[in-house]
Amino acid sequence: MDAHARLLELTQRLHHLNTQYYLHDTSEVSDQEFDQLLAELQSLEQQHPELAQPNSPTQRVGGTVTRQFAQAAHRYPMLSLGNTYSEDDLREFDERVQRGLEGAPYAYVCEQKFDGVAMSLSYENGALHQGVTRGDGTRGDVVTANVRTIRTLPLHLAGDCPAEVEVRGEVFMPNQVFDELNAEREQNGESLLANPRNAASGALKLQDSAQVAARRLRFYAYSVLTPGRHFTSHSQALEAATAWGLPVSATWRRCANLDEVLAYIHEWAQKRFELPVNTDGIVIKVDDLRQQDQLGLTAKSPRWAIAYKYPTAAARTELLRIEYNVGRTGAVVPVAHLRPVLLAGTVVKRASAHNANQIAALDLRIGDFVFVEKGGEIIPKITGVDLSARPAGAVPIVYPSACPACSTPLVRPEGEAHFRCPNERACPPQLKARLEHYVSRKALNIDGLGAETVGRFFDLGLVSTPADIYDLPQRRAELITLERLGEKSIDNLLAGIEQSKAVPFARVLFGLGIRYVGETVAQKLALHYRGIEAIMAASAAELAAVPEVGGVIADSLAHWAQQPESLALVQRLQAADVQVTVSGEPPQAASDRLAGLTFVLSGVFENYSREQLQELIQQHGGKITGSISKKLSYLVAGDNMGPAKREKALGFKVPIISEDELLALLPTD
Ligand code: IVH
């Protein structure tokens, strides 16, 4: 391939990867591969400057901004860091620093490179004023309300601090929180968060700061900027930040020379896994601020700092067997059981074996020596096979064609990664998982009847569908005979069942565990139809027209409604006095969610009349105005909105949102 074609290919690929990473929080390649592609493009551009494009990915620091938030310019641009993967590169960096400083003595500060989301916080007269994401490096999203939910972040700085302080740092989700949230999501049948970094980034983009608070984000400060010169060194700035009450990870160290830097890097190669947050390397910064100025910047990163990236942690071990787990929706997920091996500070016994295609692509066999990696994800995954060590007796994996639990032939719907057991009526792990989901916290939240107890009742044949739970009061005598279940627990459990009859319909609907019907969709459906009967009577096309309910969800609901068991279940729940309709007023109570915001409504709306939307905005503290100015918070656009209005809004950089996006701004319970 000639240089031009390769350059175009790389440009396209990197633009795509950037969009995926910054806008969709996904990454198809490792950071290392991304950096390699970028380095290749950079070198091609240097060799053929005539081919370089003004919008090349090499000319940008990073992502772009999303449109739901107001935006603000960064007072000082948010730069990125040059990366290295070898000690030789670090030596070269050190030599460049030495030359740049013309032989003057210098020292470094080493810090952990936290794997989260870069954030710029401004404090005015000691008070937290604004939090802005990195965005494209010059402008970012204003997410102040969301960063305020970070509990370890002081809203007021302690002690004597300059009137204007800008703190840069990393917002992250601690690994433990990530694990807990994912365990909860799994129980609720919700899609899992891919890794803690994506989870933090996704949380910061939520419109509802109450939901952000539930993500329990944290922050570590790694630089302090003030308009005047307040400090002479970076280490002094970190000490001041600590004294003002800002969270600064205690892991940083001043290093007198490169040898001390290398010692720090070696020391933290394993120790970093004991930290509450993922790190992907070490940042090395020249300590003296005047020397930083002297060294200056390149187009996108400082010459006085560099990031050293550790190679991805991998281990090699034996594949003992594959277990196939059946989830609530019937998805069959292969889990590899491994000879225990130490990887990134923990003993790994199990790893994801992805899916049938991946097993075939890797040509995985029982008895093989496989490579397992822990990337950004917490669950390790199999990334390859050591074919040179394949034992003679290695047994090819025959993916089951029948459900490991109920022997029903598996199906694989087109476009899906996993095989599925279609026996939703009677497949035991599916029934059990549905019961566990029904009693879970965000569904019926039945006191005294947790996942474990309901699972035990299922194993004993006491319950098999949610409706059976409401027959338990009549079976007190049977319950009493069970081990580890005293009178008091039974009273508690029965009281919990009684109380669950008051749980609002939206949560009951969510609790039914209909595929793709998560919490939000259940709320929207409840709001729209106000009862299960109307939902069951609706056609797939009608369902698909409800806001937030697309074709896939509508088909799944219609399929569920057609099953005779569904009707029987609903009738029994209704007979037991479980809420199968919305009682009283719509659940959206008035709030001050839109306080301080102004709206212009224009065009024809799909689900509500303009008057209804105006009333809704006012109920939540927002104001309606007639004309578009630069102070306007949002233009809500319906169909057939005049082009002049759109132009004007675009000119003033007023966000234009849809009816659905407006509704999404409102509280949901
Ligand atoms: S200093 C000009 N220090 O790494 C240098 N960055 O490519 C500005 N990061 O997204 C960054 N830990 O958010 C610095 N201890 C640390 C860091 C750190 C993580 C992130 C930063 C940025 C990226 C730089």
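As the structure lists them, so they are numbered: ligands from 1, and atoms in each ligand from 1. Here the structure is a predicted model, which means the values were calculated and not measured.
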Visitor: Is there at least one pair of N or O atoms, one from W304 and one from ligand 1, spaced under 3.5 Å apart?
Guide: no
Visitor: Near A118, which atoms of ligand 1 are under 4.0 Å from a heavy atom of that residue?
Guide: 10 (O), 13 (O)
Visitor: Looking only at side-chain N and O atoms, does E164 offer a donor or acceptor that is under 3.5 Å from a partner on S122?
Guide: no
Visitor: What residue and atom, counting heavy atoms only, is the protein's closest point to atom 12 (N) of ligand 1, and at what distance?
Guide: F114 N, 3.0 Å
Visitor: Who's the nearest protein heavy-atom neighbour of atom 13 (O) of ligand 1, and how far?
Guide: E170 OE1, 2.4 Å
Visitor: Which of the atoms of ligand 1 are close to R134, meaning less than 4.0 Å from one of its heavy atoms?
Guide: 10 (O), 22 (C)
Visitor: State, to 0.1 Å, how close A118 and Y222 come at their nearest heavy-atom pair, and which atoms those are.
Guide: CB-OH, 4.1 Å
Visitor: N/O of Y222 under 3.5 Å from N/O of ligand 1, yes or no?
Guide: yes
Visitor: Of all the non-hydrogen atoms in the protein, which one sits nearest to atom 8 (C) of ligand 1, and at what distance?
Guide: L79 O, 4.2 Å
Visitor: Could you list the atoms of ligand 1 found under 4.0 angstrom from a heavy atom of P302?
Guide: 2 (C)
Visitor: For the residue pair Q42 and Q46, confirm or rule out a side-chain donor-acceptor distance under 3.5 Å.
Guide: no
Visitor: Under 4.0 Å from any heavy atom of E111, which atoms of ligand 1 are there?
Guide: 3 (N), 15 (N), 16 (C)
Visitor: Does ligand 1 have an atom under 4.0 Å from some heavy atom of K285?
Guide: yes
Visitor: Check the orientation of F231 and W244. Use parallel for under 30°, tilted for 30 to 60°, and perpendicular for over 60°.
Guide: tilted
Visitor: Which of these, T279, L81, I306, has its nearest heavy atom closest to atom 7 (O) of ligand 1?
Guide: L81
Visitor: Is Q112 in contact with ligand 1, taking contact as a heavy-atom separation below 4.0 Å?
Guide: yes
Visitor: Distance check, rounded to the nearest 0.5 Å: R96 atom CZ versus R303 atom CZ?
Guide: 9.5 Å
Visitor: Is the closest basic N to carboxylate O distance between E40 and R6 below 4.0 Å?
Guide: yes
Visitor: Is a side-chain donor-acceptor pair under 3.5 Å present for Q112 with Y264?
Guide: yes
Visitor: Can a salt bridge be assigned to the pair K271 and E274 using a cut-off of 4.0 Å between side-chain N and carboxylate O?
Guide: no
Visitor: Testing the basics here: between A3 and L51, what is the closest heavy-atom pair and its distance to 0.1 Å?
Guide: C-CD1, 4.5 Å
Visitor: When you look for heavy atoms under 4.0 Å from ligand 1, do you find them on the side chain of K113, its backbone, both, or neither?
Guide: both
